[in-house]
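A quick write-up on the structure given underneath.
None of the values given here were measured: they were computed from a predicted structure. We count residues from 1, following the sequence as given.
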Amino acid sequence: MLPSLANRSIHKVALSGARRTISSLLHGSPEAKKAGDIEIQQHSRIVARGKYVHGFEVHRVQPGALDEYKAAAEKYYAGIKDDPQLHVKLTGSWETVVGQQDTFVHILEYENYAGFDKTTALIRTSDHAKAYKALLPYVTSRSSQLTQEFAFFPTAPPHAQGGIFELRSYQLKPGTLLEWENAWRRGIEARRKFVAPIGAWFSQVGRLHQVNHMWQYPFVHQ
């Protein structure tokens, strides 16, 4: 049984010189681009916890095949989390009820990037690959992303399901991660008093300059 997720989202020689000029105008000079990449990497090191890598796997499913997908997804994700050779943890699996309908989000925790490479290589050569292929006929599109945790907001360990989970995603302007983190962190403590934090992550591979954070709300019984 998957818990519910409320998703807010929120040519040749003659033109070689001209091509370099246009490339510089569109993408910046190689020197400037290198400097920008270094700055982004420095910001990432400052705000990241740096202990784990979290993989976001988003599946959009055929509306008429939700039950079949859930059964297949449960078999696959439960299988990999229970395999001691893989060294991967399942932070959680959720079904979206507000936002992009018929969408499922799975978050996996790997032991850094080397751990991600090792785990995915093992999965591809194991029976888990067959279990993953079994869910694909029900999926209309997929996307994935590798993220790191914010240092001040470590991911909550896997726990019993229950309540409504809210996943918020923000697309940042390149180079503003540190500024955004400083501004956003000031309001976190006030919110913790009313809702349980699950985690906050910023993208490293996949769609870049994106941050995600998740909260858990209890069911309110009338």
Side-chain angles (χ1 to χ4, degrees), residues 2 5 7-10 33 36-60 73 76-81 83 85-94 96 99-100 103-126 128-129 131-133 135-136 139 141-158 165-178 180-181 184-185 197-215:
L2 298 177
L5 174 68
N7 193 341
R8 297 183 184 177
S9 301
I10 265 115
K33 184 178 185 301
D37 290 342
I38 292 174
E39 182 180 17
I40 291 172
Q41 291 172 5
Q42 290 173 339
H43 288 181
S44 297
R45 293 192 187 100
I46 292 171
V47 303
R49 185 184 180 197
K51 188 175 182 180
Y52 301 108
V53 170
H54 286 80
F56 278 61
E57 299 183 2
V58 180
H59 296 166
R60 292 180 175 83
Y76 170 71
Y77 286 103
I80 63 173
K81 81 174 179 64
D83 189 335
Q85 293 184 328
L86 297 182
H87 299 284
V88 62
K89 297 178 182 179
L90 180 63
T91 299
S93 293
W94 296 269
T96 302
Q100 184 73 49
T103 300
F104 295 80
V105 179
H106 311 277
I107 303 178
L108 297 164
E109 182 179 279
Y110 303 94
E111 297 175 352
N112 61 52
Y113 289 104
F116 168 79
D117 289 339
K118 182 178 180 179
T119 297
T120 53
L122 288 171
I123 289 175
R124 284 195 296 267
T125 58
S126 69
H128 299 300
Y132 187 76
K133 289 179 181 178
L135 65 81
L136 293 181
V139 176
S141 68
R142 297 172 290 164
S143 65
S144 62
Q145 187 180 62
L146 292 182
T147 69
Q148 288 201 38
E149 305 164 289
F150 283 96
F152 72 94
F153 204 145
T155 305
F165 293 77
E166 178 189 27
L167 176 63
R168 294 192 179 193
S169 299
Y170 299 88
Q171 194 67 35
L172 305 184
K173 294 180 179 179
T176 62
L177 177 63
L178 183 58
W180 187 90
E181 187 264 358
W184 182 65
R185 177 157 43 100
I198 299 300
W201 311 267
F202 61 92
S203 61
Q204 290 278 273
V205 181
R207 185 171 185 176
L208 299 178
H209 313 300
Q210 188 176 65
V211 295
N212 309 284
H213 56 98
M214 180 181 285
W215 304 82

Practice prompt. Would you check if the side chain of Gln145 reaches a backbone N or O of Gly206 as a donor-acceptor pair within less than 3.5 Å?
Written response: no

Of all the heavy-atom pairs spanning [X] and [Y], show the shortest one and how long it is.
X	Y	result
Tyr52	Glu111	CD2-CA, 4.3 Å
Pro197	Ala156	O-CB, 4.1 Å
Tyr113	Val53	N-CG2, 3.7 Å
Thr119	His87	OG1-O, 4.1 Å

Can you tell me how the ring of [X] sits relative to the ring of [Y], calling it parallel under 30°, perpendicular over 60° and tilted otherwise?
X	Y	answer
Trp180	Trp184	parallel
Trp201	Phe56	perpendicular
His128	Tyr76	perpendicular
Phe104	His106	parallel

Discussion item. Quick one, Asp83 with Val88, criterion side-chain contact (heavy atoms from CB on, under 4.5 Å). Give me CA distance, side-chain angles, the key distance, then yes/no.
Written reply: CA-CA 8 Å; Asp83 189 335; Val88 62; over 6 Å; no

Worksheet item: Can you list the steps and then say if Gln100 with Val58 is a side-chain contact (heavy atoms from CB on, under 4.5 Å)?
Response: CA-CA 11 Å; Gln100 184 73 49; Val58 180; over 6 Å; no

Supply the atom-to-atom distance [X] [atom1] to [Y] [atom2], rounded to the nearest 0.5 angstrom.
X	Y	atom1	atom2	answer
Gln85	Ile123	CD	CD1	11.5 Å
Thr103	Trp94	OG1	CH2	14.5 Å
Asn212	Ser169	CG	OG	3.5 Å
Leu146	Gln204	CG	CD	9.0 Å
Leu136	Arg142	CG	CZ	5.0 Å
Ser144	His59	OG	NE2	8.5 Å

Worksheet item: His213 and ring pair (Phe, Tyr, Trp, His ring centres under 6.0 Å): which partner among Tyr170, Phe202, Phe165?
Response: Tyr170

Worksheet item: Please walk me through it: do Arg124 and Tyr132 pass side-chain contact (heavy atoms from CB on, under 4.5 Å)?
Response: CA-CA 10 Å; Arg124 284 195 296 267; Tyr132 187 76; over 6 Å; no

Discussion item. Is there a side-chain contact (heavy atoms from CB on, under 4.5 Å) between Tyr77 and Leu108? Walk through the geometry before answering.
Written reply: CA-CA 9 Å; Tyr77 286 103; Leu108 297 164; 4.2 Å; yes

Worksheet item: Is the count of non-hydrogen atoms from other residues, nucleotides or ligands lying under 6.0 Å from Gln171 atom CD greater than 12?
Response: yes

Discussion item. Any non-hydrogen side-chain atom of Trp215 less than 4.5 Å from a side-chain atom of Arg168?
Written reply: no

